[in-house]
Each structure stands twice: as structure tokens, then as C-alpha cells.
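Computed from a prediction, not measured in an experiment: that's the story for all the values here.
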Amino acid sequence: MALTNTAQRYGGITKTFHWVTALLILTQLPLGLYANDLPYDTAEQLARKAWFFSLHKTLGVTVFFAALGRIIWALRQPRPGLLNADKKLESFAAETVHWLLYGALVIVPLSGWISHAAAAGFAPIWWPFGQGLPLIPKSVGVEHLFGEVHEVAVKGLFAALVLHMAGALKHHFVDRDPTLLRMLPGEPAIGPLPPQHHSSAPLISALVLWALAIALGGVLATLGTKANDSTGEQLAQVTSDWQVQEGQIEITVVQFGSEVIGSFADWTAAISFDEMIPIGKVGDVTATINVASLTLGSVTQQALGVDFFHVEAFPTAVFMADIQHASDGYEAVGTLTIKENSAPLTLPLNLAVIGDSAEMRGDVTLDRRDFGIGDNLNDEKGLTFAVKVHITLKANREP
């Protein structure tokens with residue numbers, strides 16, 4: 001069997017690319033569904049789910065490079081003519097599906113890879129080249145956008161694959177021509193080809209369909225973002241001697257050895273503070289956090305679920321503390337309440353006050369077990385107990 005294509009036959013290299021890619025796809029489709037449906041109620045279940053997702057992602061990257069190799073090889077080879085070229089409608093459909101499949105082989109794995117690169121933590125790709133991609137930021141928006149594109153593209157791939165297989169079986173059992181046989185090992189007898197009609201219409205049709213699919217993914221991502229943004233009511237403004245102008249509450253957890261960084265987008269702080277008081281208590285703070293505003297990489301929904309923050313039952317967390325002098329600055333000494341579990345908390349404050357403006361930074365490490373978060377994960381194999389909290393804010397004194 002020749003390695004290269006001819007006007008009538010596929011060569012050995014093309015056949016190898018075809019069947020290796022087919023095997024990968026037929027493995028990936030059920031593997032992705034299986035991994036997505038696995039529970040994660042315990043540390044063992046979460047580890048199992050992450051393992052299967054890592055396998056799915058690693059094979060997905062393999063599909064992408066196999067597809068690139070296949071496309072590059074196809075561009076350098078003559079394409080065997082269609083055996084049904086005299087049936088214009090059938091040949092148009094066959095070529096359109098052909099281009100749809102080529103598009104799917106690139107768009108499906110690449111969109112999944114970009115979504116993974118934009119996310120923080122959970123189920124790494126098994127290779128030594130890192131988890132990021134050039135020009136792809138760590139961004140929940142980018143992650144969700146390409147995650148939706150990936151899901152839509154998978155459905156497009158499935159539809160194109162079904163049509164491709166149906167066409168091959170029709171050729172073999174109904175038309176009884178060697179279209180299917182010439183992609184199998186060996187060299188079946190092939191008679192004279194009918195006149196071929198070359199047109200860019202199938203390629204254009206496939207491009208239009210993929211453009212619509214990608215646009216649909218973007219619309220779904222936008223709708224999903226709006227739905228997430230509307231989860232829980234925004235916190236009302238509070239009366240405060242100091243009004244926060246900008247700030248961030250950031251948390252860092254370690255899952256399966258990788259840091260996952262997240263933040264709360266909606267929170268308020270009622271602050272009283274007088275830097276002129278020389279000793280003891282100088283003020284107090286009550287901070288209220290809208291838990292539903294949390295984003296935590298690819299595990300946001302898991303973090304908001306029943307086993308963790310249980311946001312539906314416990315929509316807010318509250319930190320109430322006195323601000324007082326410390327040996328090297330100030331500290332907020334009080335109580336943090338999450339899920340109706342309260343624990344004492346001392347937050348060291350790095351505070352700079354210039355006139356009526358102040359900048360503050362605070363770092364503290366919490367134990368998630370103190371607040372009943374992740375009680376189903378009672379060891380640190382999947383999720384460490386320690387949660388780092390990093391707070392920054394700028395505030396102006398009210399006149």
C-alpha cells in the first residue's frame with residue numbers, strides 16, 4: 001500500500017491519521033460525558049473526577065496536534081475524487097460534512113484548551129509544558145466563553161460525525177461502491193471516476209455553520225454570566241465614617257497541589273477609625289460579604305454548593321471587629337461568621353493614612369473546618385484546610 005494519496009486512493013499516512021483521530025474522538029466523547037457526571041461529594045470522588053478530567057484534557061490536546069498534522073498532510077496531498085461526484089446534492093453534502101469535521105477537529109480541542117488555560121486550578125493537563133497558553137489571561141469570563149464554545153462545538157462534532165458515518169455506510173450498503181473500503185487497509189478495485197466538480201461552496205457553508213456555532217457559544221456565555229451576576233441581591237450601601245472607593249477580597253485555596261485564586265465581587269464595610277487616638281481601640285469595622293459574588297476559577301459552582309459555602313441557605317458572611325493598636329501597626333480583632341459558624345479572627349492591618357485618604361492591606365490564613373466548609377473533604381489530599389485571605393482597599397473619610 002502506497003503511503004501517499006493518488007487521484008483515486010488514500011495513502012497509508014492519510015488512513016493512519018484518519019483512524020487514529022477517529023479512535024481519539026470516539027474515546028473523548030463518552031469520556032467527557034462520564035467525567036462531567038461523576039459526583040464529588042468526598043475527597044476520593046473529587047480526586048476520581050479530577051483524574052478523568054485530566055485524562056480528557058490530555059487526550060484533547062493530543063487530538064488537537066493530531067488534527068493539525070492531518071490537516072497539514074492533507075494540504076500537501078492530492079485528494080481522491082468523489083465516487084458520487086455525478087450526484088451534485090450528495091457530493092455537496094459530503095464535502096460540507098468533510099469541512100465541518102476538519103473544523104471540529106480544531107475548534108473542539110482548542111476551545112477546551114483555551115478554557116482550561118484561562119481557569120485556575122482543577123484537573124491539570126498531564127504534560128511538562130505548563131497549563132497556560134500565550135496571550136490567554138487567567139479570566140473567568142474567558143474561561144466561560146470558550147467553555148460554552150467547546151460545548152456547542154462538541155455537539156457540532158457529534159452531528160458531523162453521525163452524518164459522516166451515515167454517508168460511509170450508505171456508500172457501502174446502498175450504493176455498493178468502494179468509498180468506505182478505500183479508507184481501510186488494502187487497495188480495493190476502483191473503476192473510472194465520474195467528472196469532478198470543484199467548488200468553494202461546501203467550504204463556505206461549513207465556515208458559516210461554524211461561525212454560527214461560535215456565536216451561539218458567545219451568547220450562551222453572556223447569558224450564563226448575567227445569570228451568575230444576578231445570583232443573590234446586591235448588598236445595600238452602608239453608613240460609614242470611611243467610604244471604600246475601591247478594594248478586593250481575594251482567597252487562595254490549594255486543590256490537588258495547585259493554587260486556585262478567587263475573589264468576592266460584592267461586599268460592604270462600615271468603618272469607624274480615628275488615627276489620632278494614641279493607644280487601645282481606635283475604631284471598629286463590620287464587613288458583610290455577598291457569598292454568591294464569589295468566583296473561584298473552574299470550581300466556582302462547587303464552592304457555592306451545599307458542601308461548601310451553601311450560598312442558598314447562607315447568602316452572606318460577616319466580620320465584626322474592633323480596630324486597635326498593635327506592636328507594629330494596627331489589627332482588627334473580632335469574629336468571622338460563615339454559615340452561622342463563628343470563629344475568632346485577628347486580622348493584621350498594614351494601614352497608611354494621608355489626610356482624609358487611607359490605604360489598607362491585610363493578610364490572614366483561615367481554617368475552612370472552623371466554618372463547616374468542605375466537611376465532606378476531611379483530609380488535605382484534594383483540598384487543603386488552609387485558606388489564604390488577601391484584602392486591599394482604599395477609602396476616604398466622610399466630612
Legend entry - Candidate pair R361 and D363, rule salt bridge (Lys or Arg N to Asp or Glu O under 4.0 Å), full reasoning: CA-CA 7 Å; R361 169 176 173 161; D363 293 277; 3.0 Å; yes
Let me have the donor-acceptor pairs involving side chains of residues 246-268, under 3.5 Å, with sequence neighbours excluded, atom names and distances please.
residue	atom	partner	partner atom	Å
D266	OD2	L235	N	3.0
D266	OD2	N290	ND2	3.0

Legend entry - Intermediate values then yes/no, salt bridge (Lys or Arg N to Asp or Glu O under 4.0 Å), R79 and E95: CA-CA 12 Å; R79 186 180 172 197; E95 289 194 291; 3.4 Å; yes
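- For residues 176-192, the pairs satisfying side chain to side chain donor-acceptor pair (under 3.5 Å) are H171-D177, H171-T179, D177-T179, with sequence neighbours left out.
- Although no hydrogens or angles enter the test, the distance criterion places no donor-acceptor pair under 3.5 Å between the side chain of K339 and the main chain of A317.
- Using cut-offs of 30° and 60° for the angle between ring planes, the W113 and F64 rings count as perpendicular.
- S357 and N396 form a side-chain donor-acceptor contact under 3.5 Å, judged by distance and modelled atom types alone.
- In this structure, W51 belongs to a hydrophobic cluster whose other members, linked by side-chain heavy atoms under 4.5 Å apart, are V20, L24, L31, Y34, L38, F52, L55, L59, V63, W126.
- Side-chain contact between L157 and L101 is present, with at least one heavy-atom pair separated by less than 4.5 Å.
- Here the side chains of T337 and F371 are not in contact, with every heavy-atom distance at 4.5 Å or above.
- In this structure, R369 contributes its side chain and A386 its backbone to no donor-acceptor pair below 3.5 Å.
- Residues S272 and D284 have side chains that bring a donor and an acceptor to within less than 3.5 angstrom of each other.
- The neighbour count for M320 CE, taken as heavy atoms of other residues, nucleotides or ligands under 6.0 Å away, does not exceed 12.
- Residues E398 and W242 form no side-chain contact, since every pair of their non-hydrogen atoms from C-beta on lies 4.5 Å or further apart.
- The number of heavy-atom neighbours closer than 6.0 Å to NE2 of H390, taken from other residues, nucleotides and ligands shown, is above 12.
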